[in-house]
Structures are given as structure tokens and as C-alpha cells.
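Comments concern the structure below.
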Amino acid sequence: MIKKNIRKKSEKYYKEALSLMPAGVNSPVRAFNAVGGNPVFIKWGKGSKIYDVDGNSYIDYVLSWGPLILGHAHKQVINSIVKAARAGTSFGAPTVAENEIARLIKSAIPGMQSLRLVNSGTEAAMSAIRLARSYTGKDKIIKFEGAYHGHSDGLLVKAGSGAAAFGVPTSSGVPRGSARDTIVLPFNDIEKVKAVIAAGHKNIAAVIIEPVCGNMGVAAPLNKFLQKVRTITRQYGILLIFDEVITGFRFCFGGAQNLLKIKPDITCLGKIIGGGMPIGAYGASKKIMDCAAPSGSMYQAGTLSGNPVAVACGLKTLRILKKTDYKKINLLCEELCTDMKKIAKAKKKKITVNRFCSMFTVFFTNKNVSDYSSAYRSDTEKYANYFSKMLSEGVYFAPSQFEANFLSFAHTKKDIEYTIEAFNRIITDI
Ligand SMILES: Cc1ncc(COP(=O)(O)O)c(C=O)c1O
């Protein structure tokens, strides 16, 4: 896949970018700080491949961090963008396409009886929290260690070393006051959830959760964790928010909630529903959503919300997905992960591969990974080495251990076979 394996132009542009943007990038993980080396500048993409400014090509398992489930530059999706743009790029007034995408999302995720379009997953999660507070009249929220729900102040909080830590901001610039109402608990630990809710339910508005974690690397819910969280939140009048920004339309035509048969009170979407354009959505029952202005007193707005070009792109993506059998990518991903595990075992490498349908993470530990602390047992130096070697083979994996990799419907058996061969070549030296 790599034609020249020379990245001279990328180096040149990166040097220039360093003088223009903090760390030369518009979003932190792109800087490759977690894996070393300098970022690759991408010129174009088609299907499962991306092509850099030096003419190298890579099989892409990042897919813009999840949205491009149909692959890069899908012809029908691009045509829909062009058609929408020709009719005007923004009106700040209602359009029919907004009804259409809302209707389609609602048909797939019935719990989103009423929904609002926003511009990103960050906005969706931030608005969902405000909505939950408005509806319940309570302030505190529970989130899980290692889960990412965008970069709004109250959600940029991680746990301390204690069992149930009250918020300490992960980022500078977040006032301690904003973090104080965020309680952080370990994922998959139902006893801690029960204890904290039993003691503090009078002040807890919501539990926000990635139903399948993607942001500590992939980690699935175990032992009916989500069902139990659903039961206890319902029992105490606490709203359950599923952040399906990654998982929405990733595993099936709907959310992880469809697959796992759990109905949250509020759902957040992003990524795939925009098909590669900036979008997000949050939705719930009509009763809850009617708290949002101007029906209710919870303020939330956006100059570009429901942007016609983003909506056209998302709508076309969803319409194609509705007719698509997800089995194909789930099976391809299974093949990839099974073979990587077999090779690693044969070569006596300590590796755990977590996969959920078409998303996966390779951890450099032989212990199970089911929460933040087990994910952080992974040897990140080994991951960095593996990442760089795979990149040199023309395979673009996530430039951080604690991220998910994705397959798209554009990935072929040949792509998978090539990736497995490359993995087989490089893993001996890691
Ligand atoms: C689960 C989850 N929620 C929210 C977000 C924030 O979305 P965005 O980057 O579109 O603001 C992300 C981003 O990766 C995410 O993975």
C-alpha cells in the first residue's frame, strides 16, 4: 500500500502548521503525541483508503473517528452534498430535510420521540445534561471513568483514585465549580453505581454512559451492567442518557440500545448521522424534550443547527444504511480480530483484542480489558511501536491506544487480508 514510505511533504506542512495552530492541529489526538512521530497530512480518500500529500496510501481504520461507515467519498453521499450546497449552504430557518432526517432517526430509535439537531457530539451531550437537569430539577450527574462525552466543562472530569471520586477537572481552564457536580465511577462496576445512587439520588439528575465504550479503547458492558443501571436509575427517578455518538448506527440501523434492548431516557447521536459532516442530535420522549426552549425553559440554540448540507449528507448516509446488511462489516471485523489474536498467540505476544461488531482495539496486555484501569495496564510504548510499524506498512490505525478503530462497508476482504499479513510481519518485533 505504501508507495514510497517517504513523508517529506507531510513533514514540511507539519512544520508550517506548528507555527499556525497549537501543536499544529485542530484536535489534539491528530498530533500523534500518544504514539510519537509526526502526523500524516491527508490529501484525499476513496472507499477504505486515504492518500497522503506524498502519494502514500493507507487502509484507513480511523474513518474520521467513526463517521465514515460508508467509506470515504461515497458517490451518492457526495452527490447529495453537492446538490444541497447548490441550493444554498445555510438558511437559519426550517427545511424539509430536517423533518426527513428527524423522522428517519425516530423510526430507527423510537425512544427519540422528539429530537434536536446540533453541530457536534459535544453539543449533543452538553445539551442532554442540561435537559436532564432541567427536567429533574437536580444538579449532579454520574459519568464513567475513561468515557468521553465531548469537551464541555462539566464532562471533562475523570476519577480520582478513590472508589467514587467527585469531580476533578481533567483539563485546565475548567472551573472546579463546573466539575463539582460530576461524579465519576468505574465502568462495569454495578455495586459502586448502586451505592452512590442509594446515598445521593436526591441530588442526581442523570447517569450518562457510552453503552459500548470507545474512548478508553473498546470495552463492552459486562454482566448485564447496562440493564442493571437502567433498573436502578428508573427506581430512583434518575434519567439515563445513552451517549451513542460513536455507537449510533454503528452496529445496526439504530443504536446500541436497539441491539441490547435497553431504553434510555435521552439519547445523544453524532458522527454517523452526519456521514462525515458536522452534526449531532439529542432526543427523548416528547415530555422530556419539551423542556427545551421555546417549548420549555431549557435554553439551547445554534446558528448552523440542522445545516442543510450536513443534513443532506447525513440523510443520504442513513438512507443507504437502512438498506444495508450490517452482517458484512461485523464478520469482516471478526475475521480481522480473530486472525490478529491467533498470530499474537502463536508468537507468544501478550495482546488482548476487544471487538464489538465493527469496532475494535488492540491492547498490549494479556489481561482482560473491561474498564479504565484495566485499559491503562496496556503497554503504550508497545502500542506506539505497533502503530508506527503498521503505518509504514500502509495501515492507518488510531494514533492512540485509548481509541476505537472502525471498519466501513467499503473495506474489502483484500484489505483485511493485507492488514493481517502486515500484522504478521511486524508483530514479531514488538
Ligand atoms: C462517545 C462520544 N461522545 C461525544 C463525543 C464528542 O463528539 P464531537 O467530537 O463531535 O464533539 C465523542 C467524540 O469522539 C464521543 O466519542
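As the structure lists them, so they are numbered: ligands from 1, and atoms in each ligand from 1.
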#### Entry: SB check R319 E100 (cutoff 4.0 Å)
yes
### Task
List the steps, then state whether ring-ring contact (aromatic ring centres under 6.0 Å, His included) holds for Y326 with F251.
CA-CA 7 Å; Y326 276 74; F251 310 139; 8.7 Å; no
### Query
W65 near ligand 1, heavy-atom distance under 4.0 Å?
no
### Query
What part of V245 sits under 4.0 Å from ligand 1 if we count only heavy atoms: the side chain, the backbone, both or neither?
side chain
#### Entry: Backbone N/O of V25 and side chain of R30: donor-acceptor pair under 3.5 Å
no
### Task
Could you list which atoms of ligand 1 come closer than 4.0 Å to a heavy atom of S120?
10 (O), 11 (O)
### Query
If you look at every heavy atom in Y372 and E145, which pair is closest and at what distance?
CD2-OE2, 3.3 Å
### Message
Tell me whether E244 contacts the main-chain N or O of A256 through its side chain, where contact means a donor paired with an acceptor under 3.5 Å.
### Response
yes
### Task
Say whether G121, considering both its backbone and side-chain N or O atoms, lies within less than 3.5 Å of an N or O atom on ligand 1.
yes
### Query
Would you say the side chains of S408 and Y61 form a donor-acceptor pair under 3.5 Å?
no
### Task
Check whether any heavy atom of K271 sits under 4.0 Å from an atom of ligand 1.
yes
### Summary
Honestly, for H149 the part within reach of ligand 1 (heavy atoms, under 4.0 Å) is backbone
### Task
Please confirm whether N215 comes within less than 3.5 Å of ligand 1 when only nitrogen or oxygen atoms on both sides are compared.
yes
### Interfacing atoms of ligand 1 (cut-off 4.0 Å, heavy-atom, E210)
1 (C)
